[in-house]
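Let me begin by presenting the structure, written as structure tokens, before commenting on it.
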Amino acid sequence: MTVLIIRFSSIGDIVLTTPVVRCLKTQKGATVHYLSKKSYASILTTNPYIDRVWTIEKRVKEVLAELKQIHFDYIIDLHRNLRSAQVKWALSSKKYSFNKINWHKWLMVQFKINRLPAVHIVDRYMETLTALGIEKDGQGLDYFIPLEEVLKLKTKLKLPASFIAFAIGAAHATKRLPKEKIIAICQQIEQPIVLLGGPAEQKIGAEIAQLAGKHVINTCGNLSLHQSAAVVQKAQKIITHDTGMMHIAAAFHKEIISVWGNTIPAFGMSPYYGKKENRNTSVEVENLSCRPCSKIGFKSCPKGHFKCMTAQQVEEIVAVMVE
């Protein structure tokens, strides 16, 4: 059985597809191909359950001719957009696509009518494999870090023996705590804290570390994704927004405090542990008439007040951290 899985982006979404990859390999012995964007290839090439990774910069025509040369028995479309449709149109393989529940999300965002199924997106991904006789194995998510990245991290950074990792970034501003809130959280925690983020968070990470205290270490913009994942793997607890690092932390079965702004866990993308102990505590400002304002996020609060984050209780987050 040769299978092509399609998921173009992003970090968290790709990590959430790993149970599909694993179950195809372990239960059916499938030859697994994966099509994604080039910028996310490093997450996939380290996965031992994937036999070949295909990547594109922008358009599927970059690889379509080569894909046509391979006889795929099945295409598992876990993205379900125009690009994935183009692949399915071009190949004669049998296709299965997951349910994006866009209608349900639209009702929730626009009218706050909750028809969202109480089903995690991982389980909806897995439903695409039902016709193949594949079942959930309950083992949660996977994330594989190359040994060379772990070794590079050791030369770059001497980690404390015990510490909390704080992933301060997110793709959209309305998913991120204000800087002042992050500083207040860090100031009230005595344990060493390692700040994680990409180049976009480098400046704000430095400001937070300077103002929060000497126990705060800023690594934002200085580590690769795999190196940041290695920090998460070694941390005792993780504070994170609704972002890819949250799902990487879940893959390592870490204790997570997930802080939610304009998005909600009810969308089905909270930390996923499978049948393992759920070690996530979701922190959110409930009963806001404007929330959720988007299934993704915005550059700024559409209402201007940003209460979904400014009304977050620092003490509540700190209390979970010091338990």
Side-chain angles (χ1 to χ4, degrees), residues 2-25 30-47 49-70 72 74-102 105-106 120-129 141-144 169-172 175 198 200 224-226 228-229 242-248 250-251 263 267-269 272 294-297:
T2 303
V3 181
L4 176 64
I5 297 173
I6 305 173
R7 180 74 218 191
F8 294 110
S9 62
S10 51
I11 294 169
D13 297 284
I14 291 171
V15 173
L16 289 166
T17 68
T18 55
V20 170
V21 172
R22 182 181 63 245
C23 289
L24 276 166
K25 178 63 72 176
T31 299
V32 180
H33 293 236
Y34 200 115
L35 174 59
S36 190
K37 286 187 178 179
K38 188 175 182 179
S39 54
Y40 304 110
S42 65
I43 310 171
L44 300 163
T45 53
T46 57
N47 191 324
Y49 301 116
I50 298 175
D51 297 282
R52 182 166 181 180
V53 177
W54 299 84
T55 62
I56 62 171
E57 292 281 0
K58 291 184 178 180
R59 297 181 175 87
V60 297
K61 70 177 183 180
E62 297 165 28
V63 295
L64 212 49
E66 290 180 271
L67 291 175
K68 287 179 179 180
Q69 300 304 311
I70 299 173
F72 293 108
Y74 302 101
I75 296 175
I76 309 298
D77 182 4
L78 303 182
H79 205 123
R80 203 170 180 180
N81 65 355
L82 179 58
R83 288 191 183 102
S84 65
Q86 289 172 335
V87 176
K88 290 185 291 186
W89 293 334
L91 304 181
S92 58
S93 316
K94 195 161 187 178
K95 297 104 176 165
Y96 296 99
S97 304
F98 97 110
N99 182 5
K100 296 182 79 169
I101 61 169
N102 281 340
K105 291 178 181 177
W106 183 81
H120 198 281
I121 191 172
V122 172
D123 295 328
R124 288 192 282 116
Y125 283 158
M126 289 299 302
E127 286 171 0
T128 63
L129 305 181
L141 309 176
D142 288 324
Y143 191 92
F144 301 94
H172 302 276
K175 285 186 174 184
S224 69
L225 176 61
H226 283 313
S228 293
D242 173 18
T243 187
M245 203 55 66
M246 176 179 75
H247 300 300
I248 292 173
T263 56
F267 282 152
M269 296 185 70
Y272 184 84
S294 165
K295 64 180 182 180
I296 301 174

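This one's a predicted model, so the numbers in the text were calculated from it and none came from an experiment.
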Q: Could you check Leu225 against Met245 for side-chain contact (heavy atoms from CB on, under 4.5 Å), going step by step and ending with a plain yes or no?
A: CA-CA 9 Å; Leu225 176 61; Met245 203 55 66; 4.0 Å; yes
Q.
Can you list everything that forms a side-chain hydrogen bond (donor to acceptor under 3.5 Å, both in side chains) with Tyr74? Sequence neighbours excluded, please.
A. none
Q) How would you list, by chain and number, every residue that makes a salt bridge (charged side-chain N to carboxylate O under 4.0 Å, His left out) with Arg22, sequence neighbours excluded? A) Asp137, Asp142
Q.
Before you tell me yes or no, could you show the steps for Ile11 and Ile248 under side-chain contact (heavy atoms from CB on, under 4.5 Å), namely the whole-Å CA-CA distance, both residues' side-chain angles and the distance that decides it to 0.1 Å?
A. CA-CA 9 Å; Ile11 294 169; Ile248 292 173; 4.2 Å; yes
Q: Evaluate the criterion side-chain contact (heavy atoms from CB on, under 4.5 Å) for residue pair Lys295 and Thr263; output intermediate values, then yes/no.
A: CA-CA 6 Å; Lys295 64 180 182 180; Thr263 56; 5.9 Å; no
(Q) Going by side chain to side chain contact (heavy atoms under 4.5 Å, CB included), name the residues that satisfy it together with Ser92, two or more places apart in sequence or in a different chain. (A) none
Q | Distance-minimising heavy-atom pair for Val3 and Ala30 | A | CG2-CB, 4.1 Å
Q. Between His120 and Tyr272, what is the ring plane arrangement, given parallel below 30°, perpendicular above 60°, and tilted in between?
A. tilted
Q) Residues in ring pair (Phe, Tyr, Trp, His ring centres under 6.0 Å) with Tyr40, at least two apart? A) none
(Q) As a quick check of understanding, evaluate side-chain contact (heavy atoms from CB on, under 4.5 Å) for Phe144 and His226, giving each step before the final call. (A) CA-CA 8 Å; Phe144 301 94; His226 283 313; over 6 Å; no
Q. Does Phe8 have any ring pair (Phe, Tyr, Trp, His ring centres under 6.0 Å) partners at least two apart in sequence or in another chain, and if so, which?
A. His79
Q) Which residues pass the salt bridge (charged side-chain N to carboxylate O under 4.0 Å, His left out) test with Lys175, sequence neighbours left out? A) Asp242
(Q) Applying ring pair (Phe, Tyr, Trp, His ring centres under 6.0 Å), can you list everything that pairs with Trp89, at least two apart in sequence or on another chain? (A) none
**Q.** Over all atoms of both residues, closest heavy-atom pair of Gly169 and Thr243
**A.** O-CG2, 3.9 Å
Q | Separation of Leu24 CG from Ile76 CD1 (nearest 0.5 Å) | A | 6.0 Å
(Q) Test of understanding: with side-chain hydrogen bond (donor to acceptor under 3.5 Å, both in side chains), list the residues that count as partners of Ser224, not counting sequence neighbours. (A) Glu149
Q. What distance do Leu4 atom CG and Thr31 atom OG1 have between them, rounded to the nearest 0.5 Å?
A. 12.5 Å
Q: Nearest 0.5 Å please: distance from the CG atom of Asp13 over to the CZ atom of Arg7.
A: 4.0 Å
Q.
Applying ring pair (Phe, Tyr, Trp, His ring centres under 6.0 Å), can you list everything that pairs with Tyr34, at least two apart in sequence or on another chain?
A. none
Q | By salt bridge (charged side-chain N to carboxylate O under 4.0 Å, His left out) - contacts of Lys105 (at least two apart) | A | none
Q: Name all pairs fulfilling the salt bridge (Lys or Arg N to Asp or Glu O under 4.0 Å) condition that reach into residues 78-94, sequence neighbours left out, sorted by first residue then second.
A: Asp77-Lys88
Q) Under the salt bridge (charged side-chain N to carboxylate O under 4.0 Å, His left out) test, which residues partner Glu57, sequence neighbours left out? A) Lys38
Q. To the nearest 0.5 Å, how far apart are SG in Cys23 and OH in Tyr125?
A. 14.5 Å
Q.
How close do Ser9 and Ser36 get, counting heavy atoms only, and between which atoms?
A. N-OG, 4.4 Å
Q.
Please find the pair of heavy atoms, one from Thr128 and one from Ser97, that lie closest to each other, and give the distance.
A. CG2-C, 3.5 Å
Q) Between CD1 of Ile14 and CG of Asn47, what distance do you get to the nearest 0.5 Å? A) 11.0 Å
Q) In this structure, which one of Leu35, Val53, Ile5 forms a side chain to side chain contact (heavy atoms under 4.5 Å, CB included) with Leu44? A) Val53
Q: Please report the closest heavy-atom contact between Trp54 and Glu66, naming both atoms and the distance.
A: CZ3-CB, 3.5 Å
Q: Work out which heavy atom in Ser84 is nearest to a heavy atom in Ile6; give both atom names and the distance.
A: CB-CG2, 3.8 Å
**Q.** Lys100 and Asn81 side chains, donor-acceptor separation under 3.5 Å
**A.** no
